Amino acid sequence: MIMSLNSPIIDNLTTNLFQSSLEMDDFTKSAVDCFVEAMYTGEVEKLEKGNFEEVNKMAHVFEVSWLSKRCLKFFKSDILNFDNDNYDEILFACEIASRCHYNLKQSKLINCFVKNVEFSGISRYV
């Protein structure tokens, strides 16, 4: 019931298609736990770099707009927060933004990444 209130997709699956469970085999346990906890509590305490991409994907697939916004905020504050121009962190952020753009047709992350690179002066790495 609570998950249906957060997601029009889950609401349709449970109300119109009478599904009582969803297969989440395509996602890690960490990502599913974070997603379910977020749906029930409205908090994203378990969101981390390791499960961000999958949680963000679930938020978009199930059209949970408030969680998509929280994921964008996390991307800006935690993933785009490069530590001393660390090349691995820059590459990690670029890969996540690129995959989100390609897989979800979501350009917000790529735009944030490009702006961050331009304003931080680390464009020499990219």
Side-chain angles (χ1 to χ4, degrees):
M1 175 69 174
I2 291 175
M3 292 182 74
S4 295
L5 296 174
N6 284 292
S7 166
I9 301 299
I10 293 175
D11 183 48
N12 183 50
L13 290 170
T14 58
T15 305
N16 298 328
L17 300 177
F18 306 109
Q19 289 188 349
S20 60
S21 65
L22 297 173
E23 293 294 324
M24 302 293 269
D25 296 337
D26 292 340
F27 302 101
T28 63
K29 182 178 181 339
S30 168
V32 173
D33 288 347
C34 180
F35 179 76
V36 171
E37 182 177 293
M39 296 288 276
Y40 276 92
T41 66
E43 299 296 326
V44 287
E45 293 178 8
K46 292 184 178 180
L47 187 61
E48 53 192 33
K49 288 182 179 182
N51 66 15
F52 165 79
E53 200 167 357
E54 292 180 300
V55 173
N56 185 53
K57 183 176 182 178
M58 284 186 271
H60 281 84
V61 167
F62 293 110
E63 297 180 6
V64 184
S65 60
W66 69 266
L67 185 54
S68 295
K69 290 175 187 172
R70 295 268 181 92
C71 286
L72 178 60
K73 183 178 177 182
F74 180 85
F75 182 79
K76 289 178 180 178
S77 66
D78 288 52
I79 296 177
L80 289 182
N81 188 11
F82 307 133
D83 185 29
N84 296 325
D85 296 342
N86 184 309
Y87 177 75
D88 289 334
E89 291 181 3
I90 296 167
L91 182 59
F92 177 74
C94 182
E95 288 174 343
I96 285 179
S98 297
R99 281 193 298 267
C100 286
H101 180 70
Y102 179 78
N103 295 329
L104 302 174
K105 308 302 182 229
Q106 177 189 15
S107 60
K108 288 180 184 178
L109 299 185
I110 220 62
N111 292 339
C112 289
F113 174 78
V114 169
K115 286 179 185 176
N116 192 59
V117 167
E118 288 175 350
F119 289 120
S120 66
I122 59 170
S123 57
R124 66 185 178 275
Y125 292 113
V126 181

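Quick caveat: nothing in here was measured; it's all calculated off a predicted structure. In this chain, numbering begins with 1 at the start of the sequence shown.
A chain of hydrophobic side-chain contacts below 4.5 Å, direct or via other Ile, Leu, Val, Met, Phe, Trp or Tyr residues, connects Val36 to Val55. Linking ILVMFWY side-chain heavy atoms closer than 4.5 Å, directly or via other members, places Leu72 and Met58 in a single hydrophobic cluster. In terms of hydrophobic clustering, with Ile, Leu, Val, Met, Phe, Trp and Tyr side chains grouped at heavy-atom distances under 4.5 Å, Ile110 and Leu91 are assigned to different clusters. Residues Leu47 and Val32 fall within the same hydrophobic cluster, defined by Ile, Leu, Val, Met, Phe, Trp and Tyr side chains chained together at heavy-atom separations under 4.5 Å. At a threshold of 4.5 Å between side-chain heavy atoms, the hydrophobic network of Ile, Leu, Val, Met, Phe, Trp and Tyr places Leu109 and Trp66 in one connected group.
Taking 4.5 Å as the limit, some side-chain heavy atom of Thr28 sits within range of a side-chain heavy atom of Glu54. You'll find the side chain of Val44 stays beyond 4.5 Å of the side chain of Phe74, heavy atoms only.
In this structure, SG in Cys71 is found 9.0 Å from CD1 in Ile79, a value given to the nearest 0.5 Å. Ser7 contributes atom OG, which lies 7.5 Å from atom CG of Leu13 (distance to the nearest 0.5 angstrom). Here the straight-line distance linking atom CG of Leu104 with atom CZ of Arg99 works out to 11.0 Å at 0.5 Å rounding. Going from atom NZ of Lys29 over to atom SG of Cys34 covers 12.0 Å, rounded to the nearest 0.5 Å. Rounded to the nearest 0.5 Å, atoms NZ (Lys73) and OG (Ser68) are 14.5 Å apart.
Side-chain N or O atoms of Asn56 include none that pairs as donor or acceptor with a backbone N or O of Phe52 at under 3.5 Å. Judged by distance alone, the side chain of Thr14 and the main-chain N or O of Asp11 form a donor-acceptor pair under 3.5 Å. Looking only at distances, no side-chain donor or acceptor of Asn6 sits under 3.5 Å from a matching main-chain atom of Val64.
In this structure, Lys105 satisfies the cation-pi test against Tyr102, with its NZ or CZ atom closer than 6.0 Å to the six-membered ring centre and inside 45 degrees of the ring normal.
Legend: residues meeting ring-ring contact (aromatic ring centres under 6.0 Å, His included) with Phe27, ordered by chain and number and at least two apart, are absent.
Pairs engaging residues 42-51 under the salt bridge (Lys or Arg N to Asp or Glu O under 4.0 Å) rule: Glu37-Lys46 [sequence neighbours left out].
For the residue pair Ala97 and Phe75, the shortest heavy atom distance occurs at CB-CZ, 4.0 Å. The nearest pair of heavy atoms linking Cys112 to Lys76 is SG-CE, 3.3 Å.
Between Phe35 and Phe62, the two ring planes are tilted [angle within 30° to 60°].
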CA sep, side-chain torsions, deciding dist, call: Met39, Ile10, side chain to side chain contact (heavy atoms under 4.5 Å, CB included): CA-CA 11 Å; Met39 296 288 276; Ile10 293 175; 4.0 Å; yes
